[in-house]
Amino acid sequence: MRQRRRQFRSCRRRPEKQMMSSGQHNIIRLSETASTNKDAMRLALSGEKLPLWVSAERQSAGRGRAGRTWVSSAGNLHASVALCVTAPPASAGQLALVSGLALYEAVRAVVPPAKNICLRLKWPNDLLIGAAKIGGILVESTTARGGSEVIAVIGFGLNIESSPNDLGREVTSLKAAGAKTASDALLETLAQELDLWLERWDDARGFEAIRSAWMERAGPAGERITINSGQGQVHGTYQGLNETGGLVAEVEGRRETITFGDVSLAAAADTSKDG
């Protein structure tokens with residue numbers, strides 16, 4: 001593959017403190033924090049060398065999309081990475097899909113094949129086992145100081161040891177699925193996988209490969225879904241992704257492209273408003 005300069009280059013500014021490194025990745029490991037996304041963004045804006053990972057055993061104010069609470073129990077993965085991207089702003093939403101592929105492959109790498117878990121992706125930012133959510137991704141971004149580059153922070157949450165039981169939707173954990181791994185080991189693998197998938201994405205120039213890989217790991221075309229875009233629910237069937245990463249659905253006999261919203265699988269629609 002022809003090499004390009006990576007989109008997650010250093011973004012050097014004056015560092016305020018020495019980074020602790022873990023393997024080939026800069027990873028700050030905390031016992032507890034409010035939000036690893038907030039920590040990663042704060043450190044990035046203060047001038048730390050990027051990419052930079054922040055992980056925590058517990059979060060007291062973990063968040064999902066649209067400000068939802070993400071329950072952050074010990075033994076699960078709570079980690080965020082801050083990096084620089086130079087892709088067009090309109091392509092920033094593709095980072096959730098790129099990150100989903102990295103999380104999917106990281107879990108595959110640490111779970112023994114004999115466990116045969118039914119792992120899959122759900123648009124735009126969920127990792128499932130069957131119809132149950134096991135992980136989620138939150139992407140936030142801002143313009144870097146003094147330049148046109150964008151600092152993106154990608155937050156990962158993965159239920160390893162436990163999952164909440166009061167969310168009104170189906171959730172699970174690796175342990176419940178019969179798979180066991182340590183969060184630190186999974187984080188190291190995730191960091192490596194994200195490097196690979198970001199390189200393939202290539203500042204959105206390689207999105208067609210990302211699109212194809214993502215759809216291979218998602219549900220089948222024709223699967224019934226419910227879409228909540230903030231203006232009420234609509235029901236349709238999943239038809240894949242369009243050329244920029246939007247969800248394509250067939251709704252009442254017509255094909256529509258969804259660029260914002262939450263998707264529930266039809267089997268879970270009665271108990272979940274936000275997937």
Side-chain angles (χ1 to χ4, degrees), residues 63-71 93-105 107-108 111 115-139 156-159 163-174 176-179 197 207-275:
R63 293 172 296 125
R65 292 178 71 241
R68 301 185 188 97
T69 298
W70 180 269
V71 178
Q94 295 173 3
L95 279 171
L97 305 175
V98 175
S99 302
L101 286 166
L103 186 59
Y104 178 104
E105 293 300 332
V107 172
R108 277 291 183 213
V111 173
K115 295 300 180 181
N116 197 30
I117 62 173
C118 184
L119 199 66
R120 57 174 291 187
L121 294 167
K122 178 169 74 69
W123 190 90
N125 64 334
D126 287 346
L127 184 66
L128 311 179
I129 292 180
K133 182 171 179 175
I134 191 173
I137 294 161
L138 176 64
V139 179
F156 296 87
L158 184 74
N159 297 333
S163 58
N165 55 15
D166 58 351
L167 297 184
R169 63 183 184 269
E170 193 175 356
V171 294
T172 190
S173 65
L174 283 180
W197 287 103
F207 181 68
E208 181 53 39
I210 298 300
R211 174 178 175 268
S212 177
W214 192 96
M215 290 192 297
E216 287 175 3
R217 293 159 177 80
E223 181 176 40
R224 293 188 301 117
I225 57 175
T226 298
I227 306 158
N228 188 343
S229 62
Q231 299 178 339
Q233 291 186 344
V234 296
H235 305 282
T237 59
Y238 163 76
Q239 300 295 329
L241 304 179
N242 75 352
E243 65 278 1
T244 60
L247 176 73
V248 179
E250 185 171 314
V251 179
E252 297 180 352
R254 63 184 183 277
R255 291 174 73 89
E256 295 190 3
T257 298
I258 312 299
T259 57
F260 175 81
D262 295 308
V263 173
S264 299
L265 304 182
D270 292 338
T271 58
S272 173
K273 293 183 179 179
D274 58 25

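Quick caveat, the model's predicted, so the values are computed rather than measured. Along the sequence shown, the residues carry numbers beginning at 1.
Applying the salt bridge (Lys or Arg N to Asp or Glu O under 4.0 Å) rule to E250 yields no partners; only residues at least two apart in sequence or on another chain are considered. Checked against side-chain contact (heavy atoms from CB on, under 4.5 Å), R211 has the following partners two or more places apart in sequence or in another chain: F207, E208, M215, L241. In terms of the salt bridge (Lys or Arg N to Asp or Glu O under 4.0 Å) criterion, E243 has no residue partners (sequence neighbours excluded). Applying the salt bridge (Lys or Arg N to Asp or Glu O under 4.0 Å) rule to R217 yields the partners E105; only residues at least two apart in sequence or on another chain are considered. For T257, the side-chain hydrogen bond (donor to acceptor under 3.5 Å, both in side chains) criterion is met by no residue, not counting sequence neighbours. Partners of A102 according to the side-chain contact (heavy atoms from CB on, under 4.5 Å) rule, which considers only residues two or more places apart in sequence or in another chain, are L190, E193, L194, W197. With sequence neighbours left out, the salt bridge (Lys or Arg N to Asp or Glu O under 4.0 Å) criterion links E216 to no other residue. A search for side-chain contact (heavy atoms from CB on, under 4.5 Å) contacts involving A176 returns T172, S173, not counting sequence neighbours. For T244, the side-chain hydrogen bond (donor to acceptor under 3.5 Å, both in side chains) partners at least two apart in sequence or on another chain are N242.
In this structure, P164 and N159 approach most closely via the heavy-atom pair CD-ND2, 4.3 Å. For the pair Q239 and A221, the tightest heavy-atom approach, listed with the atom from each and the gap, is OE1-CB, 4.4 Å. Scanning both residues, A131 and E170, for their nearest heavy atoms gives CB-OE1, 3.9 Å. Between Y238 and A218, the shortest heavy-atom distance links the atoms OH-CB, 3.9 Å. Contact record, L174 with L158: CD1-CD2, 4.3 Å, taken as the closest heavy-atom pair. Residues G261 and P124 approach most closely at O-CD, 4.0 Å, considering heavy atoms.
Residues N125 and L138 fail the side-chain proximity criterion, which asks for heavy atoms closer than 4.5 Å. Looking at R108 and I117, their side chains come closer than 4.5 Å, going by heavy atoms from C-beta outward. Annotation: side chain of L121 is in contact with side chain of L127 (closest heavy-atom distance under 4.5 Å).
Looking at K133, its side chain never comes within 3.5 Å of a backbone N or O of D126 through a donor-acceptor pair. Here the side chain of W123 pairs a donor or acceptor atom with the backbone of G245 at under 3.5 angstrom.
Rounding to the nearest 0.5 angstrom, the gap separating the NE2 atom in H235 from the OG1 atom in T226 is 4.5 Å. In this structure, CG on L247 lies 13.5 Å from CZ on F260, to the nearest 0.5 angstrom.
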- [ ] Could you please spell out the steps behind the side chain to side chain contact (heavy atoms under 4.5 Å, CB included) verdict for I137 and L95?
- [x] CA-CA 10 Å; I137 294 161; L95 279 171; over 6 Å; no
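Between L119 and the choices V107, L128, L103, the side chain to side chain contact (heavy atoms under 4.5 Å, CB included) rule is met once, by V107.
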